[in-house]
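Per chain, numbering begins at 1; letters A, B, ... match sequence-line order. The model shown is predicted, which means the values in this text are computed figures rather than measured ones.
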Amino acid sequence: MNGVNERTNRIGWWFIGLSIIGFVVFMLYPILNSVKLVFSSISGDSSTFVGFGNFVRLFHDNVFWSSLGNSFLFLIVEVPIMLIFAIVLAVVLNSKKLKLRGFWRLLIFLPCVTSLVSYSVLFKMLFSSDGLINTFLMNTLHVISAPIPWLTDPVMAKVVIILALLWRWTGYNMIFFLAGLQNVSEEIYEAAEIDGASKVQQFLHITLPALRPIILFTAVQSTISTLQLFDEPMNITAGGPNNSSMTIAMYIYNVSFKFVPNFGYAASLSYVVMFIILILSLIQMKVAKNDD
Amino acid sequence: MTSKVSSFFKYLFIIICSFISVFPFIWMIIGSTNSSSQIIAGKMSFGDQFMNNWHHTFAQTAVVQDFWNSLKIAVLVTVLSIIVSALAAYGFQIYRSRGKNWIYSIFIASMMIPFSVLMIPLYRMMTNFGLVNNAWAVVLPSILSVFLIFFFHQSLETFPIDTIESARIDGANELKIFWSVVLPQLRSTFAAAAIYSFMGAWNNYMWPLIVLQSDDQKTLPLLISGLSATTNFSIDYGIIMVLIIISTIPIFVIFLFLQKYFVQGMTGANKG
Amino acid sequence: MAEVNLKHIYKKYDGADDYSVTDFNLDVKDKEFIVFVGPSGCGKSTTLRMIAGLEDISKGDLIINGKKSNKLPPKERQIAMVFQNYALYPHMTVYGNMAFGLKIQKKDKAEIDKRVKHAAEILGLTEYLQRKPAALSGGQRQRVALGRAIVRDAPIFLMDEPLSNLDAKLRVSMRASIAKLHQDLNTTTIYVTHDQTEAMTMADRIVVMRDGKIQQVGTPSEVYDKPANVFVGGFIGAPAMNFFNVSLNNGKITDDKDGFTLKVPEGRLKALKAAGYDGKSFILGIRPEDIHTENAFLETFPENTIHAEIVVSELLGAESQLYSKVGQTEFVSKVNARDFEQPGTKMDMGFDLNKAHFFDAKSELSIDNMVAETVTE
Amino acid sequence: MAEVNLKHIYKKYDGADDYSVTDFNLDVKDKEFIVFVGPSGCGKSTTLRMIAGLEDISKGDLIINGKKSNKLPPKERQIAMVFQNYALYPHMTVYGNMAFGLKIQKKDKAEIDKRVKHAAEILGLTEYLQRKPAALSGGQRQRVALGRAIVRDAPIFLMDEPLSNLDAKLRVSMRASIAKLHQDLNTTTIYVTHDQTEAMTMADRIVVMRDGKIQQVGTPSEVYDKPANVFVGGFIGAPAMNFFNVSLNNGKITDDKDGFTLKVPEGRLKALKAAGYDGKSFILGIRPEDIHTENAFLETFPENTIHAEIVVSELLGAESQLYSKVGQTEFVSKVNARDFEQPGTKMDMGFDLNKAHFFDAKSELSIDNMVAETVTE
Amino acid sequence: ACGNSSSSSSKSGTTTVTIWADDPNFTVPNMKTAVKMYNAEHKNSGVKFKVQTQGDYVTKLQTVLSAGKQSSFPNIVTIEDYNAQKMLSSYTKYFNTNSDINLNNFSGYKKNIVTYQGKTYGVPFDSGVSALYYRKDIFAKYGVKAKDLNNITWDQFIKLAEKVKKGSGKEILGTGTLLGQDPDMIRQILQSTGNWYFTKSGKLNVNSTAFKETIKTIKKLNDAGVIKGYSDFNSRNKAVFNGNDLAIVEGAWYLPTIKSDKNMKGKWGVATVPRVAGVKGAVNSTNEGGSSLYALNTGNAKADKAAKEFLKTMYDGNSKFYAKVLKDQAAITTYKPAKKNKEWKQTDPFVGQKVNQYFATNMNKIPAVSYGIHSVELETVFQSNLGNYYSGKTSLNSTINKIQSAYKTQVNSN
Ligand SMILES: Nc1ncnc2c1ncn2[C@@H]1O[C@H](COP(=O)(O)OP(=O)(O)OP(=O)(O)O)[C@@H](O)[C@H]1O
Ligand SMILES: Nc1ncnc2c1ncn2[C@@H]1O[C@H](COP(=O)(O)OP(=O)(O)OP(=O)(O)O)[C@@H](O)[C@H]1O
Ligand SMILES: [Mg+2]
Ligand SMILES: [Mg+2]
């Protein structure tokens, strides 16, 4: 990094100025405002100071723990599958010899352009018990004899959510990997070729390590968004059946808007989630660094 | 030969993945040609209801106005947030100092706060500003996009600093340098950022829902969700399909135009 | 034992209009150090990559150790290769980089360790084994790339401009190391460069290429002393050979543009006449070091002296280079440091025509070689 | 008129532990061509950038044309600068690149056009004016970078390794163009390089740096012939000067490691003794071209002859370089092409001790200079 | 101010009254009708009404109320009855009392809903009076006639249903969400007994006979295979349209859905909802859904007054309005005087019965219960417990215990 002299360095503040104003007004102020809430219990228009009462309550709150568990399950199952798929797709779509590369890339990216609301509506229709997927599996492929209770079975409901997430976000992450691959020089693969490495060995020993910073970036980003997962379970399964697909973000929503509104408790839950995300991100960064 | 076999599987894999990606879109398009009850019944062939659905959509909903509202907001957000974020990222990256690094870290950390926490204080603020039910209430909080700042910051990491210095010696002031030297070189980054920003603003749901109240201010996602919220089951899925298609078109078009820059732009973003 | 024969090799890239390599013929002998040299884009890398198996051969036969190998995958060709920008694996340590090929071959650990340590010692890399490439200087990276090739114990080494990314000083010292290495390991080596100095200093035989075609194959001194055509003459040697369009009249050479005349020595005059150039135009080539400013020479060959003005002069320690002008024609000479003069100075310079080269004006082929051939016929 | 004076300049980067430039003193005269040379990381760029105003000066005074300019913004310093990788604006045409600085100054269109066209003509860029940098070759880009500096009509030119990205051939020809340009424009020029050849060929005065400190300031021949210390001796000249640790006993020099002896000529012996080195250890430096293989020399100075084995030999057209070994010590000599021998050959080599350099073993400073100073005192 | 939706007075002295409604096909057109009729009669009132459709209604309303900026409140809102007490208790000070309203003009069960701590806040609007909708043609085919279905107990219903199921092979009673997830059946059965999840004072009351009998009934239906939970409302509707599902128990608002398939004309019948035998006082009338209107306290006296006046004029005194919305949106309203209108006595050509009269009669028999403020919380607790009970994994008592303890943590005493 080049040094810059002091005078010009000071000019830098002017560039940041607008965003700092934006941050203070639209982030910092609301955040500070909400931090206040953490120590109060709010029931509609009345608020009482409860100290750490919200956290004590949270500790005993089974629904919180089970929805946190669900969120983690989504995180642990979906994120790795998605990232692996994204990497594989990126590698395949990066190959120079592939015909119609741009076209395939476009198709794979396409799901990202749909709004969360509309894609949730679509998935709900696709996976209903007599929806297209079941019809297809039953009447076209004949692999099942009775419809799979996609949305009505606690396990299957999670599967559907995961499938939906995979569909919507794999292409999004693929773009990042694709971009990362542009930085891996062709020559390294040739060197490996001469070293006698097979395509699989090249993938494991060259491609994966080269993509590590991007894997970290996407993993952190996916962690953040998965732990804040809301729209898909809300719109596809409504958190059911038996709360089996209720995520922590949905629970926070319920506490704020469905139940007798308690924004104090909701804020406490939010900060706990944020804290968890922070810890996870730090761990991910640490792991990525340590392997170095 | 083995390479033939492996290339066969490669294409098979891509075709399957692409099909899965595209299928819901095909379905949506087919749906838009069928009547509501046919859609519910899962009809999978093209029907003759397209013109009807289209006609109903325009007759029964304020789709034109809502489209315009969405477009207005998305364009404003895209333009403003890109300007603010690019400037900020430039400030953070090129004029590093300890204070700025700190602020940058705080910005990044704020990405992790769930929006639901901020909603009520923000709403209160908007009422204080007298902006409730005004497009600006949607636009203003979206202008500061930490993700975009992060994105530009990354792509600037590999920016050739010496062109900046060269311009300094040529006598250009710092804003002029940003405008005529840096910006043109980051075109692809801007394209990628534009797609992301537009996509986010266009699909934004929760916050517009809260702050936009009168019908003449609503955006497309609000229109769609409003139509599916009805309780007496007279949802017209034909209309909904048409609306989803209409709401997908702009992003699709933008993506098509900017896609060649997209991968390049992302490239910059992830170096290092 | 490792011999490589290229028989009428052609290469046309997918989608390209023209052949990038045309009718390439070469027999590389065991333990020979062959250098491909030529300007950028002349097809050196393409040829090398065909030998490595990284690029398909469009036409012709590639024979390695007597076996036709056009379709052999790279790993079965018994080659090791050093790439232009090293192509080190950035995430592996120096040790890992060198060991990778052996690990892939499933060699046992002790064996790998032995070979890597040995190569590291040869290359002076022992203390850097645990570093990543990013933490190495250019020269060290270069050595790692070499090390990676060495450990593979392959009988054939291919190197594609391995020194072009280094700075001048390092380049010189790495040049010596590679030469030494070749002497130690006795591998058959094919080395690509666009730098004629490298070619001259390292090669057993040089292959000069241009536009996908071989211009000349020969030892460094053959190529230097008997360039087959104007291109080779101009390409080999620094500063480059000076060329003049001249004609031969009355035993004298007259410059076509600026009219100065030079006397041709007896023997050469005869040869020129024999080749039928009396009264005709042709090209005179003369190397900077064959242009003299010492009085001894000027006095001995007054008829070969011209009066020129120095335009730029450079002092390089023991010698100096004078960029001078006679009439409209610029040329460069390399003289003793003592004869250094400031620009603007006008001085006499003598052309040593015994060392000059003559080329046909049209075909640009060497007349001397033509004569020699005629004679031997 | 443009003079630059650097008075006790220091530079410490934010967060760095040490000074990157220490007590830098230099008076650059009007129209002078100064070259900063030194190994990578020695502080050349830092110094140049302080002069340009791109970097703050930690301590000391920068005086441009008699005016203290430490805090002046770059644009007010009347400088033009050429960057290592050209730093062309990739989105502008060649014309746009050159015109940018003038547009900023709000010069009128006709004036801009005139200047740009003029510069393009000088540099042979006229036909490329409408191209973007990406469509130019390395040498052409380099010329655009120069052009951008020229049009600004600044009295001071700063150039940071402008040739380091070019290939060897191009580097040589660009070197000549820059020298010519300097002669035409008569600007005060400060030029940074780590290539000693460039420094030697271009400079009016060379500033040799190391670890942020000036080692020697002098004309090329001063620096070449009278290196101030071992570092300068080793850095300037290619191949590098050979060094031996020796001691003086009975009028003879004995190598400390390998025991060969050389006889010191009278005059030099006197000087060494005067400086108090009789019976003491010191360093002998001798340039490759001062080691001879001609019989004439060997016969004249039999006592200065050693018997060495050739390890690597390189033929470079008119001359050859022999990397040889005597006992454990390696050294290189540059001899006539005719004395080229294959590696493994053993032969006699004579050291011309009249041209040798002596350095103190501890301070590594030149003993000759010390003597000269003592004498003048 | 720039486009502000809240009540504001422009210079000319007109006052804007903003009305929020949730359903673009129901409440919104109702409101618009009311506004139109009101404006026709009060040409120079100086009040301008604005009807706004809001999606995710509860979320939005709660955000707006929680932000506490009264000037940004709408003047009139519709609130679903189940949510009313929660909103009233949480935001009491933002609601305007409405003592002008004569609650005796409305069906009795609505009283508990629109009053809070003894004060009247809302105007009752529509009713979710329930009915059993069934496939007349198919039931008849297997010997079940209309009169067999009216005023029966659930046990009797199960017997009949089993017969039809066996004969037709189709599903009988369809619910819009999965069993155990869906509170609709529980709500309807429980309210028909005159009980609710909570006592009048708000204490949890799931250990009551009424509640136990309610879920036992559902379990019986399930065990007999005559109830089917669909994953969502759409799937159920699809089954209804396809003829795979033969009966529905839902509020009056479900009728238009059935009628939307013109081919089904004459095939559907309407009967009373079965009653629970084991609970004293259980009736064949109950309710699912319905909403009422409330005026908010926006701090703008003129607008607030205008809003109240509008509510009083249109909703507690204008039978013509009710006649119109019955005709246009099939709105089953609770305003008793309107029932005298002839529209309420007509035979519905689709069903072939005097459906509206049937609704009107039953509406007045719906037992009044107090929904309390924590129904939603409790119903999320049901989700993780009742499914297990219905499938036989847990016993009745342990299920009740679990519900009680889970509820306690959910609704922490704060
Ligand atoms: N993949 C390719 N497709 C089409 N043409 C190619 C390809 N690679 C190289 N060429 C062309 O083939 C010719 C020879 O290229 P090659 O890389 O062998 O040159 P080179 O002699 O190695 O040059 P350099 O010194 O610049 O590396 C060039 O004209 C080049 O443009
Ligand atoms: N921004 C910086 N922050 C801290 N240290 C720096 C910075 N820039 C350079 N340095 C250090 O200052 C010293 C001098 O660097 P400088 O760039 O001037 O070297 P140089 O002589 O130009 O070398 P080169 O030939 O490699 O360009 C080096 O040790 C370098 O590591
Ligand atoms: Mg090449
Ligand atoms: Mg430098």
With a 4.5 Å cut-off on side-chain heavy atoms, are [Y] and [X] touching?
X: B/F255; Y: A/L110; answer: no
X: A/S256; Y: B/M119; answer: no
X: B/F25; Y: A/V113; answer: yes
X: B/F19; Y: A/L107; answer: no
X: B/M206; Y: A/Y253; answer: yes

Relative to chain B, which segment of [X] carries a heavy atom at a distance below 4.5 Å: side chain, backbone, both, or neither?
X: A/K99; result: both
X: A/F275; result: neither
X: A/S281; result: side chain
X: A/T223; result: neither
X: A/L98; result: both
X: A/I252; result: side chain

Under 4.5 Å from any heavy atom of chain A - which part of [X]:
X: B/W202; answer: neither
X: B/L144; answer: side chain
X: B/P141; answer: both
X: B/Y104; answer: neither
X: B/F92; answer: both

How many angstroms lie between [atom1] in [X] and [atom2] in [Y], if you round to the nearest 0.5 Å?
X: B/I113; Y: A/S270; atom1: CD1; atom2: OG; answer: 9.5 Å
X: B/I244; Y: A/T114; atom1: CD1; atom2: OG1; answer: 9.0 Å
X: A/F230; Y: B/F115; atom1: CZ; atom2: CZ; answer: 12.0 Å
X: A/L126; Y: B/F23; atom1: CG; atom2: CZ; answer: 5.5 Å
X: A/L89; Y: B/S21; atom1: CG; atom2: OG; answer: 8.0 Å
X: A/F85; Y: B/F13; atom1: CZ; atom2: CZ; answer: 5.5 Å

Heavy-atom donor-acceptor pair, A/W104 side chain to B/S18 backbone, under 3.5 Å:
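Not a single qualifying donor-acceptor pair exists.
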
[options]: which one forms the most heavy-atom pairs within less than 4.5 Å of chain A?
options: B/M111, B/K10, B/M112; answer: B/M112
options: B/I106, B/L220, B/L140; answer: B/L140
options: B/M28, B/M199, B/M125; answer: B/M125

Looking only at A/P111, A/A266, A/S95, the option with the highest number of non-hydrogen pairs under 4.5 Å against chain B is A/P111

Please state whether the rings of A/F176 and B/F147 are parallel, tilted or perpendicular, taking 30° and 60° as the class boundaries.
perpendicular

Under 3.5 Å, which donor-acceptor pairs do the side chains of residues 13-31 of chain A form with other protein atoms, sequence neighbours left out?
{"unit_1": "A/S19", "atom_1": "OG", "unit_2": "A/I16", "atom_2": "O", "d": "2.8"}
{"unit_1": "A/Y29", "atom_1": "OH", "unit_2": "A/N33", "atom_2": "ND2", "d": "3.1"}

If you compare all heavy atoms of A/R168 against all heavy atoms of B/N203, which two are closest, and at what distance to 0.1 Å?
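Closest approach of A/R168 to B/N203: NH2-ND2, 4.3 Å.
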
A/K258 atom NZ: more than 12 heavy-atom contacts under 6.0 Å:
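No, not enclosed.
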
